[in-house]
Amino acid sequence: MSKRIALVTGGTGGIGAAICRQLSDDGYQVIAAYSNEEKAKAWQEAQKADGYEFGISYMNVGDYESCRTAINTIAEVYGPVSVLVNNAGITRDGVMKKMSWEQWHEVLNVNLDSVFNTSKACLDSMLEMQFGRIINISSINGQKGQFGQSNYSAAKAGMHGFTKALAQETARKGITVNTISPGYIATDMIMKIDEPIRNKIMEGIPVGRFGQPEEIARTVSFLAAENNGFITGANIAINGGQHMC
Ligand code: CAA
């Protein structure tokens with residue numbers, strides 16, 4: 001049987017790259033969707049040197065036509081996407097008093113519109129295959145809210161609402177839809193937070209450290225497995241005990 005195709009948005013980033021490598025280790029042909037061509041090509045080469053053969057595909061995740069075009073091309077070149085990991089995300093932090101509409105809109109567009117855009121573009125072929133895994137990478141801050149992140153918290157909470165609705169629509173079609181809510185993971189995104197604030201956040205994590213991207217990737221692998229069809233509409237928290245609900 002030919003390899004199943006996995007598409008990871010934001011695949012060249014910190015958590016995304018770990019997910020790509022894990023899914024490749026699991027036997028998928030993995031395509032990383034990117035927004036920055038130069039970075040993506042360098043990343044692809046570096047991965048190749050480590051023995052990983054990834055496809056890369058340009059996608060503006062906030063734009064439906066861009067997603068549809070890219071996903072159709074992936075289907076022609078590699079085959080239909082059966083595992084979709086919606087991982088692309090950005091932050092534009094600021095207290096509400098200072099937040100601009102652009103900061104709000106950009107985060108909602110990239111973090112939430114994207115989930116509609118890519119899922120919609122993959123859905124018909126998943127329905128045809130009667131198989132699919134959609135895994136939405138949300139955040140602890142969608143669950144608990146975060147000072148300075150009204151935009152990000154809203155988008156990330158919205159992702160799980162989407163998960164629960166689509167999971168119901170696809171439950172009888174062999175397609176599962178789940179959310180993973182990482183806490184603070186040691187990536188560039190976290191390193192952008194001012195050091196004193198970052199240190200304070202770490203103090204609030206019961207396990208006493210930031211998470212590792214591989215710890216998220218392992219759960220993606222678990223949810224993507226073919227024999228894991230009974231978990232759907234779930235939200236799996238991976239946050240070192242920082243938020244329990
Ligand atoms: N709760 C309550 N009050 C807080 C607070 C908190 N968590 N953090 C700051 N404040 C208070 C400060 O004490 C300060 O009070 P005073 O004015 O009375 O002195 C006031 O709020 C302003 O705080 P700042 O000086 O921090 O304000 P700022 O405008 O310079 O910065 C900010 C605001 C950019 C949002 C900054 O607070 C910040 O970076 N916060 C961290 C946000 C965060 O956690 N982002 C996560 C990014 S990573 C990610 O999102 C990945 C993921 O999924 C987990």
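In listed order, ligands and their atoms are each counted from 1.
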[X]: numbered ligand 1 atoms lying under 4.0 Å from its heavy atoms:
X	result
Thr91	50 (O)
Ile201	44 (O)
Ser139	52 (C), 53 (O), 54 (C)

Evaluate the side-chain proximity of [Y] to [X]: yes if any heavy-atom separation is below 4.5 Å, no if none is.
X	Y	result
Leu23	Val8	yes
Asn86	Phe116	no
Phe131	Glu226	yes
Asp93	Lys192	no

Problem - Residue among Val220, Ile135, Leu223 satisfying side chain to side chain contact (heavy atoms under 4.5 Å, CB included) with Ile236 - result: Leu223
Is it true that [X] and [Y] make a salt bridge, defined as a side-chain N closer than 4.0 Å to a carboxylate O?
X	Y	value
Asp50	Arg21	yes
Glu37	Lys41	yes
Glu65	Lys120	no

Just to confirm, does any protein heavy atom lie below 4.0 Å from [atom]?
atom	result
atom 27 (O) of ligand 1	no
atom 7 (N) of ligand 1	yes
atom 3 (N) of ligand 1	yes
atom 53 (O) of ligand 1	yes
atom 10 (N) of ligand 1	yes
atom 17 (O) of ligand 1	no

Practice task
Check the hydrophobic clustering (I, L, V, M, F, W, Y; side-chain heavy atoms under 4.5 Å; chains of links allowed) and say if Val77 and Met126 are grouped together.
Solution key: yes
Practice task
Using the rule that two of Ile, Leu, Val, Met, Phe, Trp, Tyr join whenever any of their side-chain heavy atoms come within less than 4.5 Å, decide whether Ile5 and Leu127 are in one cluster.
Solution key: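 The answer is yes; both residues are in one hydrophobic cluster.
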What protein heavy atom lies closest to [atom]? Include the residue and the distance to one decimal.
atom	result
atom 36 (C) of ligand 1	Ile197 CD1, 3.6 Å
atom 33 (C) of ligand 1	Val95 CG1, 4.3 Å
atom 30 (O) of ligand 1	Lys98 NZ, 4.5 Å
atom 35 (C) of ligand 1	Gly148 CA, 3.4 Å
atom 44 (O) of ligand 1	Tyr184 OH, 2.8 Å
atom 45 (N) of ligand 1	Asp93 OD2, 2.8 Å

Exercise for the section: Classify the contact between Ile193 and ligand 1 as side chain, backbone, both or neither, using a heavy-atom distance cut-off of under 4.0 Å. Expected result: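 Answer for Ile193: side chain.
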Answer yes or no for [X]: is there a heavy-atom contact with ligand 1 below 4.0 Å?
X	answer
Ile190	yes
Gly183	yes
Lys200	no
Thr187	no

Got a donor-acceptor contact below 3.5 angstrom from the [X] side chain to the [Y] backbone?
X	Y	result
Ser125	Cys122	yes
Asn87	Thr9	yes
Ser153	Gln146	yes

Problem - Short N or O distance, Ser138 and ligand 1, threshold 3.5 Å exclusive - result: no
Practice task
With Arg4 as the cation and Tyr78 as the aromatic partner, state whether NZ or CZ is under 6.0 Å from the six-membered ring centre and within 45° of the axis.
Solution key: no
Problem - Selected option - heavy-atom contact closest to atom 51 (C) of ligand 1, from Phe210, Tyr152, Phe147 - result: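 Selected option, by shortest heavy-atom distance: Tyr152.
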Fill in the blank from the handout: Heavy-atom proximity to atom 47 (C) of ligand 1 ranks first, among Lys144, Met189, Gln149, for Gln149
